[in-house]
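The next block holds one structure in the form of structure tokens; read it before the comments.
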Amino acid sequence: MIHQDKEIKNTKNKAKPSCCCSHDEPAHSDNDGHDHEHGAGGSLFKMFLPSIISFVLLLIGIVLDNYFPQSWFSGYVRIAWYAIAYLPVGLPVLREAYESIVKGDVFSEFFLMCIATIGAFAIGEYPEGVAVMLFYTIGETFQGMAVSKAKSNIKSLLDQRPDEVTILENNIAVKIKAKDAEIGDIIQLKAGEKLGLDGELLSDSASFNTAALTGESKPDTKKKGDTVLAGMINGNTIAQVKVTTAYNDSKLSKILELVQNATAKKAPAELFIRKFAKIYTPIVVYLAIAICLLPMLFVDDYVFSDWLYRALVFLVISCPCALVISIPLGYFGGIGAASKNGILFKGSNFLDSISKIQNVVMDKTGTMTEGVFKVQEVIIKPDFDKEEILKLVNVLEGKSTHPVATAIHNHVGIIDSSIELNNVEEISGHGLKAEINGKELYVGNFKLLDKFDISYDIDPGSVVYTTIAIAYDKKFAGYLTIADEIKADAQETVSKLKSLGVKVTMLSGDKTNVVQFVADKLKISNAFGDLLPEDKVNKVNEIKAKNETVAFVGDGVNDAPVIALSTVGIAMGGLGSDAAIETADVVIQDDKPSKIAMAINIGKQTKKIVWQNITLAFVVKAFVLILGAGGLATMWEAVFADVGVALLAILNAVRIQKMKF
């Protein structure tokens with residue numbers, strides 16, 4: 001269990017007592033980056049060995065006390081027997097209590113358990129003293145296993161990088177450590193092998209299993225030039241991949257780091273419980289003292305040992321274990337469930353925030369549409385040489401990574417390296433501008449031409465598709481039309497969001513009529529086009545001004561400011577820019593918009609489970625506390641109120657990892 005100031009941590013190179021395995025992260029990582037879980041093989045027996053020894057000795061003692069009394073089992077022999085039964089489970093807790101006191105944390109749960117069990121020995125209740133510590137230890141062990149399992153589940157989903165990769169050196173296959181591979185190296189992947197680093201596919205095509213990154217089991221076919229990511233598993237043909245990103249900078253490395261650090265950002269319920277425990281624990285200690293001593297002023301037949309027993313029962317019941325472990329474990333389980341489905345939360349606080357979202361505002365291109373454009377038509381004025389203009393446009397678009405630029409490259413072909421550009425400038429929300437042979441070339445939307453007072457003789461609103469305007473030497477040269485496909489699950493996404501009571505708005509820098517065309521297909525009533533990055537910020541501010549929560553979903557560099565502004569920022573992690581991913585609070589790895597509704601649902605279910613645990617712990621503890629103070633509850637009821645409720649809360653918390661969303 002974790003008392004008020006403890007968090008889930010890594011215990012590398014630090015041995016912990018068996019009963020306190022959950023105070024720090026029970027799984028440790030060795031130098032090769034692989035986890036070793038407590039619960040595997042002989043380690044499981046080793047974890048429970050102290051409890052098994054204590055249980056056997058306790059059971060024998062109870063039998064000798066009640067069923068087969070022996071004359072020799074009395075006096076100091078009986079005390080020594082129960083003391084020996086107590087030591088395997090009690091010593092580690094006594095040590096933790098001492099260390100906590102040395103650090104200035106007197107009122108820890110260890111301290112409560114030590115007082116309660118030593119007090120039970122002091123009044124002659126030896127079996128109950130052993131039993132309380134034994135069940136406390138068993139509860140601790142199970143809790144440690146639950147945290148360890150949650151942690152290892154997440155890491156096993158994400159840390160899919162192989163230790164070695166095969167690279168080609170002068171057409172000879174050589175195996176090296178993945179971390180030693182350099183940008184530009186050619187990796188050869190056999191069928192069934194995992195890719196160790198991000199790269200560009202050199203083979204004509206290859207099929208990859210992307211389940212480790214996206215949660216999607218269906219194979220994903222990639223073509224030559226496509227980006228492939230570390231953790232993807234090659235299909236049934238040999239493939240070659242050119243490394244484009246260093247080992248530690250791969251998307252998988254960043255994802256793993258995000259999830260491992262996610263527990264550092266606490267949800268309000270976790271912060272509340274930690275503050276509550278700091279106040280609550282000293283209060284119950286003083287109340288226990290009052291229960292023991294105050295009755296002597298008011299009760300005629302006061303017996304110190306009876307009231308001390310009631311005070312000790314009260315202390316055991318009041319231990320805040322169920323709350324302090326099950327709540328962070330609930331959020332950790334939510335992060336794990338989301339990761340399993342290809343959704344990354346950067347902190348448990350964002351699980352809380354997303355559960356309250358009232359508005360989802362989304363970008364169009366790359367979020368609700370595929371972001372894969374194709375040139376539909378090329379309209380160039382007769383005054384210009386069509387081939388020459390397209391060559392110039394292709395060279396200028398070579399300076400951009402926008403999907404529109406890719407569509408133009410695919411249509412025009414190889415970039416003419418003999419053409420030199422000067423003073424290349426990207427004008428945010430408008431397009432590109434450059435000089436060629438002393439003449440200016442403009443490629444972008446029609447707002448770009450308006451900005452530089454270049455007249456044109458068409459109505460941009462009359463063209464349904466996305467339009468790329470071209471001007472050369474201050475004259476309108478023509479335009480290209482480009483179409484994008486709506487994602488297969490986009491309509492399902494809007495429907496699910498509406499069923500969750502969430503309002504949907506679509507924003508885009510694309511033409512208003514294109515945006516409206518997509519919005520009508522998806523049945524989105526609020527849609528706005530022709531927006532600059534600052535216009536998107538203003539739209540989100542308008543919603544926030546109504547005191548409503550808003551999640552913004554985007555994928556581009558220009559989306560980063562509005563992602564940062566929103567209550568919860570969501571980035572598409574597949575095609576998304578690094579800026580958007582870094583700024584976002586939630587990352588959707590496979591770019592499927594349906595995961596937006598899933599993320600909200602996971603947040604709601606996590607919050608529901610956390611509050612179920614809070615309610616269960618408070619109600620049961622309050623009820624048994626009253627019984628204990630009145631002398632109607634024994635140590636056995638106290639054990640249930642503490643360890644029993646904690647275990648029930650843990651089972652409830654880990655349930656979320658088994659749910660289907």
I'd like to know if D363 pairs up with K536 as an ion pair, taking the criterion as any Lys NZ or Arg NE/NH1/NH2 lying under 4.0 Å from an Asp or Glu carboxylate oxygen. yes
Any donor-acceptor pair under 3.5 Å from S462 side chain to D459 backbone: yes
Shortest non-hydrogen contact from L201 to A206? CD2-N, 3.9 Å
Side chains of I419 and L392: does their closest heavy-atom pair fall under 4.5 Å? yes
More than 12 foreign heavy atoms under 6.0 Å from CD of E534: is that the case here? yes
Quick check: does any side chain N or O of N341 sit under 3.5 Å from a backbone N or O of A338, one acting as donor and the other as acceptor? no
Please step through side-chain contact (heavy atoms from CB on, under 4.5 Å) for the pair V404 and I408, ending with a clear verdict. CA-CA 6 Å; V404 167; I408 292 172; 4.1 Å; yes
Supply the atom-to-atom distance L449 CG to H430 NE2, rounded to the nearest 0.5 angstrom. 10.0 Å
Would you please test V241 and L202 for side-chain contact (heavy atoms from CB on, under 4.5 Å) and show each step? CA-CA 5 Å; V241 176; L202 298 181; over 6 Å; no
Side chain D416, main chain S418, donor-acceptor under 3.5 Å: yes
Could you tell me which non-hydrogen atom of V537 sits nearest to which non-hydrogen atom of P561, and how far apart they are? CG2-CB, 4.3 Å
Side chain K487, main chain D591, donor-acceptor under 3.5 Å: yes
Taking CZ in F517 as the centre, count heavy atoms belonging to other residues, nucleotides or ligands within less than 6.0 Å. Is the count above 12? no
Can you establish whether the number of heavy atoms outside E435 located under 6.0 Å from its atom CD is more than 12? yes
Please walk me through it: do V586 and V568 pass side-chain contact (heavy atoms from CB on, under 4.5 Å)? CA-CA 7 Å; V586 181; V568 177; 3.8 Å; yes
Is E420 atom CD crowded by more than 12 heavy atoms from other residues, nucleotides or ligands, each under 6.0 Å away? no
Do any N or O atoms from the side chain of E193 and from the backbone of K190 form a donor-acceptor pair under 3.5 angstrom? yes
Take atom NZ in K391; do more than 12 heavy atoms of anything else shown fall under 6.0 Å from it? no
Is the side chain of K604 donor-acceptor paired with the backbone N or O of S355 at a distance under 3.5 Å, no angle test? yes
Separation between OG1 (T606) and CD1 (I656), nearest 0.5 Å, reads 3.0 Å
When T567 is tested against each of N359, I543, T549, V540 for side chain to side chain contact (heavy atoms under 4.5 Å, CB included), which residue passes? T549
I want to check something: taking the side chain as every heavy atom from C-beta on, are I570 and I596 in contact at a cut-off of under 4.5 Å? yes
Would K381 count as a cation-pi partner of F476, with NZ or CZ less than 6.0 Å from the six-membered ring centre and within 45° of the ring normal? no
Of all heavy-atom pairs between D489 and T493, which one has the smallest distance, and what is that distance? O-OG1, 2.7 Å
Do the charged groups of K496 and E492 touch, with an N to O distance under 4.0 Å? yes
How far apart are the C-alpha atoms of M506 and V518, what are their side-chain angles, what is the distance that settles it, and do they pass the side-chain contact (heavy atoms from CB on, under 4.5 Å) test? CA-CA 9 Å; M506 189 163 69; V518 174; 3.8 Å; yes
Distance alone, cut at 3.5 Å: any donor-acceptor contact between the side chains of D530 and T512? yes
More than 12 heavy atoms of other residues, nucleotides or ligands under 6.0 Å from NZ of K544: yes or no? yes
Once you measure the plane-to-plane angle for Y472 and F384, does it fall in the parallel (<30°), tilted (30-60°) or perpendicular (>60°) bin? perpendicular
Can you tell me how far CD of E200 sits from CD of Q240, rounded to the nearest 0.5 angstrom? 12.5 Å
With no hydrogens and no angle check, is any side-chain donor or acceptor of Q376 less than 3.5 Å from a backbone partner on K374? yes
Sidechain-backbone polar pair: S495 side chain, Q491 backbone, donor-acceptor under 3.5 Å: no
Where the side chain of D226 meets the backbone of K223, is there a donor-acceptor pair that is under 3.5 Å apart? yes
Looking at K222 and S205, would you say the former's side chain and the latter's main chain have a donor-acceptor pair under 3.5 Å? no
Heavy-atom count around K474 NZ within 6.0 Å, excluding the residue itself: above 12? yes
